[in-house]
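A, B, ... follow the sequence lines: proteins, then strands. Residue 1 opens every chain.
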There are 2 protein chains.
Amino acid sequence: MSQTTPLSNTLSSELTSTLRDAIITGEIPQGAKLSETRLSKELDVSRGPLREAIRRLEGMNLIQHVPQQGARVVTMSMDLILQIYDTREALESKAGSLAALNMSSQEIDQLHRLIDAQSKHMRENSGAFIPAESDYAFHETIIRGSKNKVIERALLRELYNLIKMFRYQHEFARNSTTNSLIEHRQIVYAIEQRDSELAEVTTRRHIAHARERIQRRMQQQEPLQ
Amino acid sequence: MSQTTPLSNTLSSELTSTLRDAIITGEIPQGAKLSETRLSKELDVSRGPLREAIRRLEGMNLIQHVPQQGARVVTMSMDLILQIYDTREALESKAGSLAALNMSSQEIDQLHRLIDAQSKHMRENSGAFIPAESDYAFHETIIRGSKNKVIERALLRELYNLIKMFRYQHEFARNSTTNSLIEHRQIVYAIEQRDSELAEVTTRRHIAHARERIQRRMQQQEPLQ
DNA sequence: ATTTCAATAAATGTCGACATTTACTTAAAA
DNA sequence: TTTTAAGTAAATGTCGACATTTATTGAAAT
């Protein structure tokens with residue numbers, strides 16, 4: 001009989017998800033110390049699995065660990081979020097070009113469905129933003145469509161969590177005008193045409209625009225620390 | 001009194017380095033299982049720090065961990081090494097362009113010293129390869145010079161270990177003809193001129209050439225598994 | 001001989017306790 | 001009052017043992 005998904009994940013991986021979400025939402029705030037003794041009491045687990053979860057979150061860039069001092073949630077500075085977006089631009093533009101070569105037609109269909117939903121949402125809520133989940137789904141579909149596991153891991157496991165944290169905790173960082181939808185359409189068009197160079201350029205510009213918006217809004221509105 | 005570097009690192013971080021090196025050199029071969037019970041006896045440590053080290057190596061892409069089954073050293077396939085080089089091209093070209101903007105003159109001097117040493121080595125050992133350490137030092141200097149900690153971490157902590165493993169275990173993957181030295185000079189020239197676009201292009205091409213060499217040699221010589 | 005199943009052995013996951021280092025508090029001295 | 005230092009409290013690092021799951025072995029049945 002074939003093996004199905006395990007009913008009980010390991011405690012360590014449960015803790016990883018729990019803490020990750022708590023960090024993204026800000027329930028555990030930036031810069032906060034993750035005290036092992038306190039958390040183990042609060043969550044009613046021993047320190048072993050907790051330490052493993054913390055090591056994993058370290059690998060996801062969500063936590064910084066100093067030997068003999070403990071672990072702290074990363075602090076999102078203006079500098080850091082711009083560095084993240086520079087990195088994202090480099091990786092995701094490559095993912096876009098690879099997606100144009102490697103995506104299945106089913107995956108391209110999925111992109112169309114997501115764009116249509118985004119378009120519908122914009123029409124019905126005039127001038128509204130693209131819902132964060134729909135935007136993530138769009139980008140994740142392309143990233144997975146690149147069929148490059150290394151880029152996929154770097155983006156989804158190590159950058160997107162930080163981006164989600166940033167967006168979740170800073171309203172002004174939420175997506176994005178009608179421009180984004182237009183740019184999404186341009187990207188899908190390029191992928192559909194199997195034009196990897198165009199996909200690379202349109203994706204690069206899409207991320208660069210997002211970076212510019214962040215930089216602009218941050219300078220005027222709220223100088224992050 | 002100011003705090004100096006600690007005399008005794010934590011056991012867990014010692015183990016991380018030890019295992020990392022053993023994996024890179026192939027002392028622990030690709031695909032091998034990292035049995036906790038066996039390793040804890042061999043290295044005479046308890047399983048706690050060992051498990052933490054394994055989690056860290058997981059974050060460095062050197063190990064794959066399956067719950068309830070244990071950890072195995074990554075297997076380097078033809079597909080994987082090419083994916084790594086595609087990722088490296090995207091990241092390091094960006095690092096090159098940022099280095100042209102952000103490197104200090106001291107760092108640029110360091111690049112010159114490295115190139116001169118490489119040049120001297122080539123003259124004295126006719127047609128020899130650039131020593132691996134010198135090549136790594138060159139690229140690391142540029143990557144750090146980008147002043148982008150996110151890119152730096154992605155490259156040095158998550159890609160270069162895999163590249164070192166690949167090179168160490170496959171002689172045919174060792175660097176590189178006189179071409180590499182010429183390309184190094186082109187990159188330094190661009191950085192020196194603070195020409196970020198040129199630095200991006202020359203770096204991109206340098207990595208792309210390395211990728212092509214690997215692909216070519218792999219097809220004729222030894223089809224990796 | 002091959003397959004299936006039960007029993008056993010071994011490995012990973014988890015826990016609690018001890019050791020050592022760091023942080024804090026309090027008292028003494030300047 | 002401020003600073004320094006000793007002593008105490010707390011936190012991280014490490015260890016060994018138990019629990020549960022997975023892998024292996026061997027015997028029985030087809």
Which atom pair, heavy atoms only, marks the closest approach of A:A199 to A:A100?
-> CB-CB, 3.9 Å

Distances for protein N or O near nucleotides 9-13 of chain D N or O, under 3.5 Å:
from: D:dA11; atom 1: OP2; to: A:T37; atom 2: OG1; distance (Å): 3.4
from: D:dA11; atom 1: O5'; to: A:T37; atom 2: OG1; distance (Å): 3.4
from: D:dT12; atom 1: OP2; to: A:E36; atom 2: N; distance (Å): 3.2
from: D:dG13; atom 1: OP1; to: A:Q68; atom 2: N; distance (Å): 3.1
from: D:dG13; atom 1: OP2; to: A:R51; atom 2: NH1; distance (Å): 2.8
from: D:dG13; atom 1: OP2; to: A:R51; atom 2: NH2; distance (Å): 3.0
from: D:dG13; atom 1: N7; to: A:R47; atom 2: NH2; distance (Å): 2.7
from: D:dG13; atom 1: O6; to: A:R47; atom 2: NH1; distance (Å): 3.0

Less than 4.0 Å between a side-chain N and a carboxylate O, is that true for B:E52 and A:R56?
-> no

Contacts of B:K33 meeting salt bridge (Lys or Arg N to Asp or Glu O under 4.0 Å) (sequence neighbours excluded), chain-then-number -> none

Rounded to the nearest angstrom, tell me the gap between atom CG in B:N9 and atom P in C:dT20.
-> 18 Å

Verify, without hydrogens or angle tests, whether A:R72 (side chain) and A:G31 (backbone) share a donor-acceptor contact under 3.5 angstrom.
-> yes

Are A:R153 and B:N61 linked by a side-chain donor-acceptor pair shorter than 3.5 Å?
-> yes

